[in-house]
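Below: one structure, written as structure tokens.
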Protein chains: 2
Amino acid sequence: MEIILSNLKIQVNEKIYVKDPETSALGKKIIEQSILLIDAIGFDNFTFKKLGKEIGSNESSIYRYFENKHKLLVYLSSWYWSWMEYKLVFTTTNISDKKEKLNKAITIVTEKITDDISTEHINEAILNKIIIAEFTKTLHTKEVDHENKEGFFLIYKRVINRIVSIVKEVNPEYPFAKSLVSTIVEGSLHQHFLTDHLKTITDCNETVTTTQFYLNLAENVLR
Amino acid sequence: MEIILSNLKIQVNEKIYVKDPETSALGKKIIEQSILLIDAIGFDNFTFKKLGKEIGSNESSIYRYFENKHKLLVYLSSWYWSWMEYKLVFTTTNISDKKEKLNKAITIVTEKITDDISTEHINEAILNKIIIAEFTKTLHTKEVDHENKEGFFLIYKRVINRIVSIVKEVNPEYPFAKSLVSTIVEGSLHQHFLTDHLKTITDCNETVTTTQFYLNLAENVLR
DNA sequence: CTAAATTGAAAGTAATACTATTATATTTGC
DNA sequence: GCAAATATAATAGTATTACTTTCAATTTAG
């Protein structure tokens, strides 16, 4: 998987950036270091000025790649879900047993990424931490309908709908396939968050994983 | 229910505010109008200056009640979950049938509040809209662990753990009661959000409700 | 090797997120 | 009913944020 990934160019909607960060050294540095800085200080405290300082670049140069920090977060999220889609497709194709296919899919989207199978400049383990902590902020804005129309969340929705198809193969009668999958994908981020911060309202921890909870849930709901 | 609620003083952790807004006319105006203004322009665009203008008051007066807008949102959330807890306890006490009790509890926390059974200065239907759109932001900050220790999220956690107790009555063997309930409570807000903004990844709408989805889910998981 | 594109540095603007001070209004306690 | 205490309003001020603009220096591409 690693070998293939290192050759993979992850596609992100052009409207999200001003200039494609994959096309220059500075662009890649912006992506690489923004992931580290957002993880370190949190998205709310993150500014382009601070990032500029970190990468020895001027604030104004960063603005040539992204209009604002919200768009940068949308970019990182899109990249993440695109990478997730790749893993999902790679893992589930040619699996004939439908239940096994679904279980693999659920495992892929719910497990915490702890190993760093790094594409050169992107640390997926840390990016996963950012998604757990900050992804919800890409959606919860007054501009969500407009940005949705522009296709900012297309990859995210496609990941969910790919799993919906698998659910329908397992049980074509179940009437809530979309809601089940969107609940699993969003909910697993939330369960990881609770494991890290509000342990009294989750059963998930190092030994009992979020993935086990959702595998069990899907099994019970679709049988 | 309305009659009882109008006499009810909802308790909110003292550390959340500088001065209790329930103790003055200005305080109540701050709460009342902040709900309307956050709903209208979104939390990210909301400022104390704009709120001051709206209520014909000075910015500096609002700072005597709340340190910053984050704390105000935490206050509104606490109030909401306290009100929810009240409805939950009121609806589920003295119901002997365990499954019926659970179904009533799930209905209470997952249904969209469309009718306005107003406490004088708080419009619960609009507050529910704010919770759907903004609640996640109270948790997703770098200060979450500190604020959790201070008890900012106690009522929210208590609501969840009350429902966990009911789940355990229905099925004492089920090993993921906490994760199931936290998934339902958080997930139902998310499903409402999807119904409003990303319809292609949810089955919930005006006819098939979020509540139906989660009643079905719990039924299947706990049988 | 020259033109075009990219980046860096500096300065500027408007808004945000406060804090402090003082004046005025209102409440309450005796 | 009045003085004292408290609450609110108005104003001004600071530091930071979130950009935009301009121009010079550097890199790169044909």
Side-chain angles (χ1 to χ4, degrees), chain A residues 14-34 37-38 40-76 121 134 137-138 140-143 146-147, chain B residues 14-34 37-38 40-76 121 134 137-138 140-143 146-147:
Chain A
E14 289 186 2
K15 285 174 183 160
I16 294 171
Y17 49 73
V18 180
K19 179 184 169 164
D20 186 351
E22 292 288 332
T23 61
S24 77
L26 178 62
K28 283 174 189 165
K29 228 168 153 189
I30 289 170
I31 300 307
E32 178 182 19
Q33 295 298 315
S34 67
L37 189 55
I38 291 171
I41 65 176
F43 185 68
D44 296 346
N45 303 314
F46 171 88
T47 69
F48 280 179
K49 194 164 198 172
K50 289 176 187 169
L51 177 62
K53 208 170 181 180
E54 209 70 30
I55 63 180
S57 242
N58 197 271
E59 202 185 353
S60 61
S61 303
I62 301 166
Y63 278 104
R64 291 214 185 75
Y65 286 85
F66 294 100
E67 260 179 69
N68 49 52
K69 69 174 185 172
H70 168 73
K71 291 267 177 80
L72 172 57
L73 185 62
V74 173
Y75 178 90
L76 295 177
H121 57 293
E134 320 285 3
K137 293 172 189 169
T138 64
H140 288 88
T141 71
K142 272 281 159 182
E143 294 76 39
H146 174 247
E147 294 188 349
Chain B
E14 288 187 0
K15 285 173 183 161
I16 294 170
Y17 48 73
V18 181
K19 179 184 169 166
D20 186 352
E22 292 287 333
T23 60
S24 76
L26 178 63
K28 284 175 188 165
K29 228 167 151 187
I30 288 171
I31 299 307
E32 178 182 18
Q33 294 298 314
S34 68
L37 189 55
I38 291 171
I41 65 176
F43 185 68
D44 296 346
N45 302 314
F46 170 87
T47 68
F48 280 179
K49 194 165 197 173
K50 288 176 187 169
L51 177 61
K53 207 171 181 181
E54 208 70 30
I55 63 179
S57 241
N58 197 272
E59 201 185 354
S60 59
S61 304
I62 300 166
Y63 277 105
R64 290 219 184 70
Y65 287 85
F66 294 100
E67 259 179 69
N68 50 51
K69 70 174 184 171
H70 168 73
K71 291 269 178 80
L72 171 58
L73 185 62
V74 173
Y75 178 90
L76 295 178
H121 58 294
E134 319 284 4
K137 293 173 189 169
T138 64
H140 289 87
T141 71
K142 273 280 159 182
E143 294 76 38
H146 175 246
E147 296 189 347

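Naming: A, B, ... by sequence-line order, numbering from 1 per chain. Hydrogens, waters and symmetry mates play no part in the numbers below; they use all other heavy atoms, side chains included. The model shown is predicted, which means the values in this text are computed figures rather than measured ones.
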Tell me the interatomic distance from [X], atom [atom1], to [N], atom [atom2], rounded to whole angstroms.
X: A/Phe46; N: D/dC19; atom1: CZ; atom2: P; result: 12 Å
X: B/Leu73; N: C/dA17; atom1: CG; atom2: P; result: 13 Å
X: B/Ile30; N: D/dA7; atom1: CD1; atom2: C1'; result: 12 Å
X: B/Phe48; N: D/dA9; atom1: CZ; atom2: C1'; result: 17 Å
X: B/Asn45; N: C/dA17; atom1: CG; atom2: C1'; result: 15 Å
X: B/Lys49; N: C/dT19; atom1: NZ; atom2: C1'; result: 14 Å
X: B/Phe66; N: C/dA17; atom1: CZ; atom2: C1'; result: 17 Å
X: A/Asp44; N: C/dT16; atom1: CG; atom2: P; result: 16 Å

Completion exercise
In B/Leu72, B/Leu26, B/Asp20, B/Ile31, the residue satisfying side-chain contact (heavy atoms from CB on, under 4.5 Å) with B/Tyr65 is B/Leu26

Completion exercise
Exactly one of A/Leu51, A/Ile62, A/Ile55 clears side-chain contact (heavy atoms from CB on, under 4.5 Å) with A/Ser34, and that residue is A/Leu51

Exercise for the section: Name the nucleic acid region contacted by B/Tyr63, choosing base, sugar-phosphate or nothing; use a 4.0 angstrom heavy-atom cut-off, strictly under. Expected result: base

Supply the atom-to-atom distance [X] [atom1] to [Y] [atom2], rounded to the nearest 0.5 angstrom.
X: A/Glu54; Y: A/Lys29; atom1: CD; atom2: NZ; answer: 11.0 Å
X: B/Leu73; Y: B/Lys137; atom1: CG; atom2: NZ; answer: 8.0 Å
X: B/His140; Y: A/Asp44; atom1: NE2; atom2: CG; answer: 11.0 Å

Handout entry: Presence of A/Lys50 side-chain N/O under 4.0 Å of D/dT17 phosphate oxygens OP1/OP2
Key = yes

Could you pull out the protein-nucleic contacts involving nucleotides 7-15 of chain C (nitrogen or oxygen on both sides, under 3.5 Å)?
{"from": "C/dT7", "atom 1": "OP1", "to": "A/Tyr65", "atom 2": "OH", "distance (Å)": "3.0"}
{"from": "C/dT7", "atom 1": "OP2", "to": "A/Tyr65", "atom 2": "OH", "distance (Å)": "2.9"}
{"from": "C/dG8", "atom 1": "OP1", "to": "A/Ser57", "atom 2": "OG", "distance (Å)": "3.2"}
{"from": "C/dG8", "atom 1": "OP2", "to": "A/Ser57", "atom 2": "OG", "distance (Å)": "2.5"}
{"from": "C/dG8", "atom 1": "OP2", "to": "A/Ser61", "atom 2": "OG", "distance (Å)": "3.1"}
{"from": "C/dG8", "atom 1": "O6", "to": "A/Arg64", "atom 2": "NH2", "distance (Å)": "3.1"}
{"from": "C/dA9", "atom 1": "N6", "to": "A/Ser60", "atom 2": "OG", "distance (Å)": "3.4"}

Exercise for the section: Side-chain contact test, heavy atoms from C-beta onward, threshold under 4.5 Å: evaluate it for B/Thr47 versus B/Glu59 and give yes or no. Expected result: no

